[in-house]
Structure formats: structure tokens, C-alpha cells
There are 2 protein chains.
Amino acid sequence: MSQQRTGHEAGITGRVGAVTPSAVLGSQPDFPDLPEATVARLPEYLRALHHLAETGHDTVSSEGLALAAGVNSAKLRKDLSHLGSYGTRGVGYDIEPLVGQIEYILGLNKRRAVALVGVGNLGHALAGYAGFASRGFRIAALFDADLTRVGELINGIAVRHIGDIPEVVKSEAISIAVLATPAGAAQAVADQLVAAGVTSILNFAPVVLNLPEQVDVRKVDLAVELQILSFHEHRKSARGAELAKAMARGAVNGSPVATLGEVAA
Amino acid sequence: MSQQRTGHEAGITGRVGAVTPSAVLGSQPDFPDLPEATVARLPEYLRALHHLAETGHDTVSSEGLALAAGVNSAKLRKDLSHLGSYGTRGVGYDIEPLVGQIEYILGLNKRRAVALVGVGNLGHALAGYAGFASRGFRIAALFDADLTRVGELINGIAVRHIGDIPEVVKSEAISIAVLATPAGAAQAVADQLVAAGVTSILNFAPVVLNLPEQVDVRKVDLAVELQILSFHEHRKSARGAELAKAMARGAVNGSPVATLGEVAA
DNA sequence: CGCGATTTGTGCACCTGTTCACAAGCGCTT
DNA sequence: AAGCGCTTGTGAACAGGTGCACAAATCGCG
Ligand SMILES: NC(=O)c1ccc[n+]([C@@H]2O[C@H](COP(=O)([O-])OP(=O)(O)OC[C@H]3O[C@@H](n4cnc5c(N)ncnc54)[C@H](O)[C@@H]3O)[C@@H](O)[C@H]2O)c1
Ligand SMILES: NC(=O)c1ccc[n+]([C@@H]2O[C@H](COP(=O)([O-])OP(=O)(O)OC[C@H]3O[C@@H](n4cnc5c(N)ncnc54)[C@H](O)[C@@H]3O)[C@@H](O)[C@H]2O)c1
């Protein structure tokens, strides 16, 4: 399957810029109204562009970039056209300024401080993840409720107690948090984070968080992903079995090809 | 934000049942054509239903289940209506048969065998993840290329060398694999998995995999999720700043309220 | 300097998915 | 048995997203 699934099929609606006070503002030239679907693809374009830059390219065609990002080229062009024009007809896109523009739009000029709460099995792995730093983020704080874990150094940064959340979130100006606590603790921790000033949460716990409107929540759930794959496996085998039966029927009837053709026509 | 984002906004298209040989088959009564968006939400409904069942409920209204799953109730009803009718007007849905039906559709009756490749930082955490087992899957094999890791026991299961992939995938009838190798190795490993018979891959490496049409690939990328959140942070602060400026302008002009009202009208 | 090859940017038709709003159906009560 | 309140299931309108197909723009070359 060359068109790859990347998360978030559900519940997207609306143009991202068109928020409450937009009547006063219109859509600023420096901050266009982007379709949510486009926003979700920009990071993938950015990754592909960085890869191309590293492998010595200066420009890339929509076809080439689309291939590298796993989308179709018309979609890619339309997405990029929302950012303003960074391509040259007959040539392609200049990689460097395009990278700059996407990074600007995504708010990655300044390295964003991120807090990670719940330094268990998963949290440990995340805390040690290099791609975190290389793609625009800085783990500014680790928190856990377990006192035996507090003080532990991971990747050079000390685990602090969740009681310190208000203080640290303020002093480090943290607006994004990653939640890797057990499901049962997630809502309470999220509430504390929001109270401390966090406005975006990436939630790994398998629960729906109930938070104020203005807080952005994204959810990653391994089991959900596997279950979707499982559905497709089930479908494939069900179809296969039915197909086999149909073919058997056809063969018994004596003219399988005609049967196929008839029904299809 | 009460409407939570759950992954996969991009590139979904088409009704899931309507695949190549469907002309012969029609849509089977036991395997309805589900919209892809619906499929992506079923796991969330299932999780919510299990939770409700555990907390002593027998039935639930669309409103209640929608709340627990973080969607709106009309959407939920439409989704469930695709599975056939499991609700009673005036009452709600019977939890037990509904759970059964969703599990059947998702192919979770039999516990599916999953292989995990790349037992590093992240792979370790995944291998030890309890939610794996509790939500319909069984880690049937762990693989790594690093010989010093081969033989290591994780959660009672031994790490094997990737050279054993063909043999083990066959003997354990594995159709789903989780890929947690470095990006550079991912494509090659994916090719090996597919050659061995794997038909669904959950990819944690930040690369687009190029695989045959009939292989389902889903991708989870932490950095992408954070970058989407970063975009929203950027937007929020840009809007905030513009709003402040607009208000300041209004105040200087002498009639901020009128200005606001005028432009909005 | 003009022409052909190339590639972007986009209008448009199509399609999927969401949401509203309400008729139909069910059970409980009187 | 009829009425009433509640909740499902769905038709229909709408919104958003996708992809085709082509005109417009640019480059390189003769
Ligand atoms: N491990 C995985 O691969 C994996 C995969 C997908 C999802 N998840 C989810 O991620 C979460 C964490 O999984 P895990 O395997 O790391 O679990 P874990 O039990 O190993 O780690 C949880 C950590 O959270 C800490 N914690 C508990 N209550 C807390 C609180 N109130 N505040 C702060 N910290 C608290 C614990 O002390 C522990 O360190 C779970 O919700 C799990 O379902 C895990
Ligand atoms: N650690 C995280 O939190 C995290 C988060 C998101 C994404 N990722 C991605 O997940 C992948 C793994 O991350 P990690 O931090 O665990 O890296 P890691 O280096 O700790 O682990 C990688 C493992 O893969 C093994 N490996 C290397 N080549 C292999 C091959 N050809 N076949 C089989 N195994 C092979 C290595 O021996 C090692 O055990 C990376 O692509 C990373 O970008 C990691």
C-alpha cells in the first residue's frame, strides 16, 4: 500500500486559522489559514526535505517530493500553494527556503520546550529518543509521581516530582507536554498540567482526556493502530475465503469466467 | 479541545470493503463495507465499552458512549448502524453483544500473533507493554540484528536474529509486524518481513516505506505529532499577538468596541 | 529570440465524511 | 390499551478533502 496511513483520520474539521477572533484579524499574510489535513502532512514534507537536503539536493519537483513523502503530487502542490509560492514552474521547489517556510509555519524556529510526565517503561524510551532533539524539541523536564524515581538522571536530565509541575512549567515556559502515565492517572495529571499553563498535550495513555476547549490534545494508541491493522487482516482473509468459495461455485457451475463477467457487468 | 485527534487525517479514501474482487462477492452480510473513518473509530468505542462493562454497566446510550469515546453522538450512531442494529430505541445499546460484534469485525476473536523487530530503546518498551496482550494481541516473536542482543529474554520471550524471520513468521503464522528499527534499516527489514509473509506493518521509524499494494502500513511518528501541536501553539500565540495589536489599534482610535463590532458585521 | 520541454498552481468535479433534525420504535406508566 | 418520554437509525444538506487536467510560467537550447 503506497499511500500510507499516518494517524488522525477522525474528527478533523474546519480550517485551522478560522478561530474565534478571526473576524478582527482576517487571515494574516504571515499566518495563512491552513486546512487541518495540510497541517498534518507538513511534518512529513519537512522530514523528506531534510533528507533530500542531506543527500545533496538543492531543488526537488512536486513529483519527487511527493514520492519521498508518500502522497500524490497534486495534493502536495496544493498543500504547498497554501504556504505561498515557493516553486518555480519548469524547475521545482528550492529546498532551503521551503524548509524555512515550513519550519516557520510549524513554529519550529525556536526550539520548543517539552515536558514528559510518567517516566516508566515507555517514558524512559521517549526520554532517550534522539529524534526529539533533532526535530525541533527540547525535553525541558521529566516528571514522575514515584518518589523512588525522582532524582534519577535520564539522558542528563533529572526526574522531578509532579508536585513541581507548576513551578517548572512556568520557569521553563513549557507549553507542550507528553503524557506517559498509566491510564488511571492521566486525567488528573493532564488537569495539573493545564492548570500550570500547558496548552498542548500528546497523550499515550488509552483514555479520552476531558480538557478545556483551548487545549490541543493528540492521542497515540498502539493498540488502536494494531486493531485497525487487524481489521484489514480480517477483511483480507474474509474476502479471500469468499473469493475461493465463489470460484468453487463457478467451477462447479461449469463456466466460472462467464459468471464473473456477468456479475461484474 | 473535547474533540480529540487520534491519528491518520491524511490519505484516507474509499470504502474499505470495495476491493478488487467485490463484484463477485457483493458486500457480505457478515462483513459489511465500512467507511475507513468508521474503522478507525471502532477501537476507541471498544475500549470505552470495555471500560463501561468493567464499571458495571449493561447498556449505554449513544450519548453516553460518545462521551466516553470522545466523539459526537450522531457520528457514533451512524458508525454503529454500519455494523447492523445493536441498539434498542428508547433504551440504548446492549454492551455485551456490541463488544462481541466490534471484536468480530476487528478480527479480534482469535488473538493475533505479532512480531516486533528492533529491540532497542523503544522496542524494549513495546515488548514489555501489557496493553498489547490485554487488547487482543500476542507478541509471538522479537527480532534484532544485533548479535549481542540475540538470546536476551524480554518478558519471557527470547530475542531472535532477523535471519530467522522467514522461519518464525511461517511457523507462528504471523501476519502483523511492528517495526522499531532505526530509519536506515526500516525499508530493508520491511522487505524481509513482507517476503516472509507479513501483510500488515506498524512502522515507528520516520521513513516512508515502499511496499506492495496489498500490504497495509500504518505509521506512528512522535515528532510529527509534536510538530502538529507546535503548529497549533504557534497559531495560538500569533493570533494572540495580532489580537492584542488589533485591540491596541482600536483603543488608540478611541472606539475599540465599535471597531470590533463593525469589522465583525 | 523564439520554441519546446518541463513543472507549477489551480479550477472543477467528485467523493467521503460530518452533522442536523426528525420519524420510527421501544418500554414504562397509568 | 393508549399515551408519553426517551433513544435509535437515517435522509438530506453541508463541509472538507482529493485528484484530474490544463493553462500559465519558466528554463534551456538551438
Ligand atoms: N509501554 C508501551 O510500549 C506503551 C505503548 C503504548 C501506550 N502505553 C501507555 O503509556 C502509559 C505508560 O506505559 P508504561 O508501560 O510506561 O507504564 P509504566 O507503569 O511502566 O510507567 C508509568 C509511569 O508513570 C508513573 N506515574 C504513575 N502515576 C503517576 C502520576 N500520577 N503522575 C506522574 N507519574 C505517574 C509511574 O511511576 C511510572 O513511572 C500507559 O498509559 C500505557 O498504556 C505504553
Ligand atoms: N525511542 C523512542 O522513543 C522513539 C520514538 C519515536 C520513534 N522512534 C523510532 O523508532 C526507531 C527505534 O528507536 P530506538 O530509540 O529504539 O532506537 P535504538 O537504536 O535504541 O534501537 C534500534 C534497534 O534496532 C536494531 N536494529 C538495527 N538494525 C536492524 C536491522 N536491520 N534489523 C533488525 N534490528 C535492527 C538495533 O540493534 C537496536 O536494537 C527509530 O527509527 C526511531 O526513530 C523512537
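Proteins come first, then strands; the chains are lettered A, B, ... in the order of their sequence lines, and each starts at number 1.
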Measure [atom1]/[X] against [atom2]/[N] and give the value in whole Å, please.
| X | N | atom1 | atom2 | result |
| --- | --- | --- | --- | --- |
| A:Leu34 | D:dG16 | CG | P | 14 Å |
| B:Glu36 | C:dC15 | CD | P | 18 Å |
| A:Arg41 | D:dG16 | CZ | C1' | 11 Å |
| B:Leu80 | D:dT8 | CG | C1' | 10 Å |
| B:Asp58 | C:dG27 | CG | C1' | 17 Å |
| A:Lys78 | D:dC22 | NZ | C1' | 13 Å |
| A:Leu65 | C:dT8 | CG | P | 10 Å |
| A:Asp79 | D:dT18 | CG | P | 7 Å |

Check the pair A:Lys219, B:Glu44 against salt bridge (charged side-chain N to carboxylate O under 4.0 Å, His left out), reporting the backbone distance first and the verdict last. CA-CA 11 Å; A:Lys219 188 176 163 190; B:Glu44 204 58 43; 2.6 Å; yes

Within the pair B:Ser62 and D:dT8, is there a side-chain N or O less than 4.0 Å away from OP1 or OP2? yes

Would you tell me if any nitrogen or oxygen in the side chain of A:Ser85 comes within less than 4.0 Å of OP1 or OP2 on C:dG9? yes

List the atom of [X], the atom of [Y], and the distance in Å for their closest heavy-atom pair.
| X | Y | value |
| --- | --- | --- |
| B:Asn210 | B:Asp191 | O-OD1, 4.1 Å |
| A:Arg77 | A:Ser62 | NH1-OG, 3.0 Å |
| A:Val215 | A:Val198 | CG2-O, 4.4 Å |

Quick one about B:Arg235 and B:His232 (side-chain donor to acceptor, distance below 3.5 Å, no hydrogens or angles considered), yes or no? yes

For the residue pair A:Thr38 and A:Asp79, confirm or rule out a side-chain donor-acceptor distance under 3.5 Å. yes

When you get a sec, tell me which of [options] is the closest nucleotide to the side chain of [X]?
| X | options | answer |
| --- | --- | --- |
| A:Tyr93 | C:dG17, C:dG9, D:dC20 | C:dG9 |
| B:Ala74 | C:dT7, C:dT19, D:dC27 | C:dT19 |
| B:Asn72 | D:dT8, D:dG19, C:dT19 | C:dT19 |

Would you mind reading off the bend of the helix from C:dC1-D:dG30 to C:dT30-D:dA1 from its two end axes, five pairs each, to 10 degrees? 0°

Heavy-atom side-chain contact between B:Tyr104 and B:Leu83 under 4.5 Å: no

Please walk me through it: do B:Thr55 and B:His57 pass side chain to side chain donor-acceptor pair (under 3.5 Å)? CA-CA 6 Å; B:Thr55 51; B:His57 296 75; 3.3 Å; yes

Taking only N/O atoms, report every protein-nucleotides 22-24 of chain C pair under 3.5 Å with atom names and distance.
{"from": "C:dA24", "atom 1": "N3", "to": "B:Arg89", "atom 2": "NH1", "distance (Å)": "2.7"}

Test: B:Lys236 and B:Glu233 ion pair at under 4.0 Å: yes

